[in-house]
Amino acid sequence: MNSAIAGFSKLSKEEKINWIANEYFANPSEALTTIKQYWNNDSKLQQLHDEFIENTITNFYLPMGIAPNFLINGIYYSVPMVIEESSVVAAAAKSAKFWSTRGGFKATVLNTEKIGQVHFLYKGDFQKLEQFFIQIKPKLFQETESITKNMQKRGGGILSLELRDKTSELDNYYQLHVTFETKDSMGANFINSCLEQLAKTIKEQAQNYPDFTEAEKGITIVMSILSNYVPNCIVRAEVSCAVEDLAEKNPKVSGENPQEFAEKFVQAVRIAEIEPYRAVTHNKGIMNGVDAVVLASGNDFRAVEAGVHAYASRNGQYSSLSHAKIENGIFSFWMEIPLALGTVGGLTSLHPLVKIALEILGKPSAQELMQVVAVTGLAQNFAALRSLTTTGIQEGHMKMHLNNILNQYQATSEERKAIAKYFENTAISHASVVELLENLRK
Ligand code: MEV
């Protein structure tokens, strides 16, 4: 039976690890060795990572790979991707190469607004509340000025303040719905600081507002927080080419003929548009690309995930983020997704590998990064649908996964060679690899 611990956060790193090792492992010294194996020899670098979060015991590695040859709006990018799933980087690279000879990807940022809300309770007359807001609006801008002035210099700040009556859905519930422009920063801290100041001003001003009754003066601030739903921070990524140009040297990957391939592809997208079970997996494939670049660029992938999936349900049913059509012999494939990203602030100036990733991307603005991320998602979706509607997903996937199985069983280089040869023309499965290894080892 494991025990609880008081004051874990106050222990030194060494004490924390010792406690974990003794509490949870039959062989504590083996666990200690593994945990410490992932420490960085450079103590300054280790300290930097230790201090990103609390109660750090070690570093958790994820591979960082590169998908080259992404032609986006006429510029070539090598895209850094951080992901644990085999096949994803290979699929992105394959899609990038395919479309680089067919005009490349086009990407457009449609808008960049971010949202935050002060949620509060008010018991009284709505018209009086409206009047109150009209009166205090200049004060709301004025009292946030010390927070917004630097952002304003960069062309951002608070774009609008809107009072929303939500009492038909929840008794006494109102919002101050605030729209922000945060330029190259993701802006979470900026937005939350502004909102907390706005809330403070509302509360103070209400207490001194002569037209309010005592009950009306007692506005209760429930919370002030940004929204990760950003339906007006949208980027569009697209590709198109003549249907006959979809032909590939290898007919296995483009179907019987390009027309047939294009039609089946469009059909696969239609299924994801109307069938939520398929839409979730379809969009998961898009997020394989999106998250990998979001992580590599030091952005908040949970925020992006939450916002993207809410957007995918905006019409009342979860649906495909991407769309495809064939019109006048032209195949088009596109998606629009919300992405609140930053290329300054947060991890972007702290994590050495994030700095490297952004440098590889040519030190992009937030808008450029939105374009690269969306394109990588679309490329991933194209690769997945191309495999699914032609060869099936497992052929390529298992080829990439073979290495993981061989590593799991610590295969020698001779065994690897023999196994690679055996599976040249045979379908790979976990069981068949293990069986072959066992036979080789007899
Ligand atoms: C696997 O990580 C992603 C796919 O399932 C996406 C899809 O089905 O479109 C291959």
Side-chain angles (χ1 to χ4, degrees), residues 109 111-124 126-167 170 172-212 216-234 299-300 303-304 306-307 338-349 365-367 370:
V109 172
N111 36 40
T112 55
E113 281 177 15
K114 290 169 190 158
I115 300 296
Q117 296 169 318
V118 178
H119 306 269
F120 66 93
L121 303 177
Y122 163 80
K123 289 181 191 156
F126 179 55
Q127 274 170 2
K128 266 202 217 169
L129 185 67
E130 271 184 315
Q131 276 310 312
F132 167 69
F133 266 98
I134 293 169
Q135 294 232 352
I136 69 160
K137 213 169 181 177
K139 194 104 189 141
L140 291 172
F141 280 107
Q142 208 180 332
E143 296 203 346
T144 43
E145 220 163 71
S146 63
I147 309 167
T148 58
K149 71 172 185 281
N150 280 341
M151 189 61 87
Q152 276 169 348
K153 274 188 210 144
R154 292 195 267 139
I158 297 174
L159 300 182
S160 70
L161 298 170
E162 189 195 331
L163 174 67
R164 290 192 174 176
D165 179 355
K166 305 290 284 183
T167 51
L170 191 63
N172 309 319
Y173 171 38
Y174 296 87
Q175 297 169 347
L176 184 65
H177 187 90
V178 190
T179 311
F180 296 89
E181 168 58 60
T182 61
K183 302 310 280 185
D184 284 336
S185 66
M186 192 268 187
N189 281 330
F190 168 73
I191 293 174
N192 289 333
S193 299
C194 286
L195 292 170
E196 288 188 4
Q197 179 56 53
L198 290 168
K200 203 167 153 218
T201 307
I202 292 170
K203 198 156 176 58
E204 279 167 8
Q205 293 297 313
Q207 264 149 21
N208 300 320
Y209 191 60
D211 291 353
F212 276 166
E216 287 165 341
K217 281 181 183 173
I219 283 179
T220 304
I221 305 292
V222 179
M223 57 191 161
S224 311
I225 187 73
L226 93 170
S227 171
N228 291 123
Y229 186 43
V230 283
N232 288 322
C233 188
I234 300 285
N299 276 280
D300 181 344
V304 167
L339 286 175
L341 300 177
T343 54
V344 298
L347 263 201
T348 59
S349 49
S365 63
Q367 294 204 21
M370 285 168 78

Do you know which two heavy atoms are closest between Cys233 and Ala340, and how far apart they sit? SG-CA, 4.2 Å
Whether Asn111 side chain and Ile234 backbone form a donor-acceptor pair below 3.5 Å: yes
Between Gly342 and Asn299 the two heavy atoms that sit nearest each other are N-OD1, 2.8 Å
Would you name the heavy atoms of Lys114 and Thr182 that are closest together and state the gap between them? NZ-OG1, 2.7 Å
Within a strict 4.5 Å, meaning less than it, do heavy atoms of the Leu198 and Val178 side chains meet? yes
Checking Asn228 now: which residues fulfil side-chain contact (heavy atoms from CB on, under 4.5 Å) with it, not counting sequence neighbours? Met186, Leu226, Ala303
Would you give the length of the straight line joining atom OG1 of Thr167 to atom CG of Leu121, rounded to the nearest 0.5 angstrom? 11.0 Å
Indicate every side-chain donor-acceptor pair of residues 130-143 with a distance under 3.5 Å to a residue at least two apart or in another chain.
residue : atom : partner : partner atom : Å
Lys137  : NZ   : Leu161  : O            : 3.4
Glu143  : OE1  : Thr201  : OG1          : 2.9

Is there side-chain contact between Ile158 and Phe180, with at least one heavy-atom pair below 4.5 Å? yes
Return the set of residues passing side-chain contact (heavy atoms from CB on, under 4.5 Å) with Lys200 (not counting sequence neighbours), or none when no residue passes. Gln197, Glu204
Lys217 side-chain N/O to Asn208 backbone N/O, donor-acceptor pair under 3.5 Å: no
Looking at every heavy atom in both Ala199 and Val118, which two are closest together, and how far apart are they? CB-CG1, 3.8 Å
Hey, could you give me the CG/CG distance between Leu129 and Asp211, rounded to the nearest 0.5 Å? 12.0 Å
Once rounded to the nearest 0.5 Å, what's the spacing between atom CD1 of Ile202 and atom CD1 of Ile219? 7.0 Å
Any chance you could measure Thr112, atom OG1, to Asp184, atom CG, to the nearest 0.5 Å? 10.0 Å
Nearest heavy-atom contact between Thr343 and Ala366 is OG1-N, 3.4 Å
Can you tell me how far CZ of Arg164 sits from OH of Tyr173, rounded to the nearest 0.5 angstrom? 10.0 Å
Return all side-chain donor-acceptor pairs below 3.5 angstrom for residues 147-154, not counting sequence neighbours, or 'none' if the list is empty.
residue : atom : partner : partner atom : Å
Thr148  : OG1  : Thr144  : O            : 3.2
Thr148  : OG1  : Glu145  : O            : 3.4

Across all chains, not counting sequence neighbours, the side-chain contact (heavy atoms from CB on, under 4.5 Å) partners of Glu216 are Tyr122, Asp125, Lys128, Phe212, Thr213
Using the side-chain contact (heavy atoms from CB on, under 4.5 Å) rule, take Val222 and Phe120 through it: C-alpha gap first, then chi angles, then the decisive distance, then the call. CA-CA 5 Å; Val222 179; Phe120 66 93; 5.6 Å; no
Heavy-atom distance under 4.5 Å between the side chains of Asn232 and Ile115, does that happen here? no
Listed by chain and number, what are the ring pair (Phe, Tyr, Trp, His ring centres under 6.0 Å) partners of His177, not counting sequence neighbours? none
His119 side, atom NE2; Ser224 side, atom OG - distance, nearest 0.5 Å: 8.0 Å
